[in-house]
Amino acid sequence: MHPITTTHYLILSAALLAIGAVGVLIRRNIIIMLMSIELILNAVNINLIAFSRHYQDVIGQVFAIFVITVAVAEAAVGLGILIALFRNKATVQADEVEILKW
Amino acid sequence: MNPMWIDTLFFYFFALLVLGGGVATITCKSAVHSAISLIVSMVGVAGLFLLQHAEFLFAVQIVLYIGGVMVLFLFVIMLVNLDESMQMRQFNRQWLLAVAAVIAAGVQAVWLLSKPADLPAAVPQVPGGPGNVQRVADVLFSQYLLPFEIASVLLLAAVIGSVVMAKKRL
């Protein structure tokens with residue numbers, strides 16, 4: 001077995017990003033779309049940490065902390081919107097929310 | 001045993017957790033199963049942080065994602081879960097096109113990344129010196145103090161915003 005390099009981490013991160021993008025695009029359930037966004041943000045964090053290790057510089061880890069902050073805020077507001085939506089429309093399917101479409 | 005060999009083994013183990021959990025997250029029919037798979041994926045990411053010697057982020061990942069965000073997700077799933085939404089179609093009509101497009105983009109990315117990289121050589125780790133938490137805190141509270149404070153304002157806005165969204169009557 002050869003040693004793990006930064007490139008391995010970058011490829012893993014690209015794969016996780018692709019999985020998250022597929023999830024956002026193909027699912028109808030808004031909760032699972034939000035979970036896919038979390039997957040995408042985690043892929044970004046893997047990238048940041050890999051480069052932080054590569055250059056022995058902790059700034060990458062500081063940025064990962066900011067990304068996690070934004071991800072948490074996004075999840076809280078998104079789920080709040082989802083609850084408000086469910087109260088008004090009684091659905092969690094993205095393509096049944098079409099009031100703004102004509 | 002050789003420590004390099006163990007690193008390789010752990011990397012592939014955690015990568016399997018990350019990718020397997022991710023695929024299960026987007027393919028499971030039930031939202032609860034998806035949330036559990038997402039937890040598996042998050043554990044894998046936390047393990048990768050540990051492998052990269054980012055101990056502080058490992059703890060943050062476990063406490064915040066697995067302890068906080070996932071409980072929030074499960075709570076909302078329990079609040080809004082409709083039994084009939086599981087009987088309905090789970091994927092939208094363009095799913096084949098979406099998968100094809102994303103796989104094309106992903107293959108392109110992997111191809112670009114696996115070419116002989118012009119990445120500068122890795123900086124070797126210097127033994128000794130302050131620990132990971134101290135080094136992160138030094139940078140966060142000196143060079144990035146203003147973004148740190150702005151992040152706290154963002155969190156305050158998110159707290160108020162989500163309460164306003166989810167409350168019946170104010």
Side-chain angles (χ1 to χ4, degrees), chain A residues 1-4 6-12 14-16 18-23 25-29 31-32 34-36 38-39 42 45-46 49-50 52-56 58-59 61-62 64-66 68-73 75-77 79-84 86-87 92-95, chain B residues 4-5 7-8 11 15 18-19 22-23 25-26 31 34-35 38 41-42 45 48-49 52-54 57 60 64 68-69 72-73 76-77 79-80 85 88-92 95 98-99 102 105-106 109-110 113-114 117 119 122-123 125 135-136 139-140 144 147 151 154-155 158 161-162 165-166:
Chain A
M1 280 199 235
H2 45 255
I4 298 299
T6 305
T7 309
H8 286 78
Y9 283 92
L10 298 188
I11 290 175
L12 173 68
L16 189 62
I19 290 173
V22 168
L25 288 172
I26 70 173
R27 294 301 298 243
R28 297 175 72 218
N29 192 329
I31 298 177
I32 296 175
L34 281 172
M35 288 184 198
S36 306
E38 299 293 328
L39 284 181
N42 268 285
N45 280 345
I46 293 176
I49 299 300
S52 161
R53 170 94 166 131
H54 191 86
Y55 293 113
Q56 292 294 324
V58 286
I59 290 179
Q61 300 183 24
V62 172
I65 292 174
F66 288 133
I68 289 177
T69 312
V70 173
V72 169
V77 174
L79 291 172
I81 292 174
L82 183 69
I83 290 179
F86 185 74
R87 191 176 297 129
V92 289
Q93 311 293 325
D95 46 6
Chain B
M4 191 81 90
W5 192 82
D7 264 15
T8 307
F11 173 80
V18 169
L19 295 182
V23 169
T25 302
I26 66 167
S34 282
L38 187 57
S41 186
M42 299 288 174
V45 173
L48 289 176
F49 287 171
Q52 297 277 60
H53 297 281
L57 270 163
V60 166
L64 220 76
V69 174
L72 193 66
F73 267 111
V76 171
I77 291 169
L79 272 182
V80 303
S85 90
M88 292 198 296
R89 201 159 42 81
Q90 294 294 316
F91 303 108
N92 62 27
W95 71 272
V99 171
V102 172
V110 168
L113 285 173
S114 56
L119 209 61
V123 181
Q125 195 177 12
R135 288 195 299 148
V136 170
V139 176
L140 189 60
Y144 288 93
L154 171 75
L155 283 179
S162 52
M165 287 290 177

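Note that this is a predicted model, so its numbers are computed, not measured.
The residue among B:V110, B:V99, B:L57 with the most heavy atom pairs within less than 4.5 Å of chain A is B:L57. Ranked by heavy-atom pairs under 4.5 Å with chain A, the first of B:R135, B:M42, B:M165, B:Q52 is B:Q52. For the set A:I83, A:I46, A:N45, A:L12, the entry with the most heavy-atom pairs within less than 4.5 Å of chain B is A:L12. The greatest number of non-hydrogen atom pairs below 4.5 Å with chain A, out of B:G68, B:A109, B:A54, is found for B:A54.
Residues B:V102 and A:V22 form a side-chain contact, since some pair of their non-hydrogen atoms from C-beta on lies under 4.5 Å apart.
Nearest heavy atoms, B:V69 versus A:A75: CG1-CB, 4.2 Å. A:A73 and B:A158 get closest at one heavy-atom pair: CB-CB, 3.6 Å.
Side-chain N or O atoms of A:R87 include one that pairs as donor or acceptor with a backbone N or O of B:A166 at under 3.5 Å. The backbone N or O of B:I26 lies less than 3.5 Å from a partner atom in the side chain of A:R27, making a donor-acceptor pair.
Contacts of B:F11 with chain A are made by side-chain atoms alone, with heavy-atom separations under 4.5 Å and no backbone atom involved. If you measure heavy-atom distances from B:L19 to chain A, the contacts under 4.5 Å come from both the backbone and the side chain. Heavy atoms closer than 4.5 Å to chain A are found in both the backbone and the side chain of B:V18. With a threshold of 4.5 angstrom between heavy atoms, B:L72 approaches chain A through its backbone and through its side chain. With a threshold of 4.5 angstrom between heavy atoms, B:V136 approaches chain A through its backbone and through its side chain. For a residue to count as touching a neighbouring chain, one of its non-hydrogen atoms must lie under 4.5 Å from one of that chain's; by this rule B:L155 touches chain A with the side chain only. B:T25 touches chain A through backbone and side chain together, each having a heavy atom under 4.5 Å away.
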- Could you go through the side chain to side chain contact (heavy atoms under 4.5 Å, CB included) check for A:F86 and B:L79 one step at a time? CA-CA 9 Å; A:F86 185 74; B:L79 272 182; over 6 Å; no
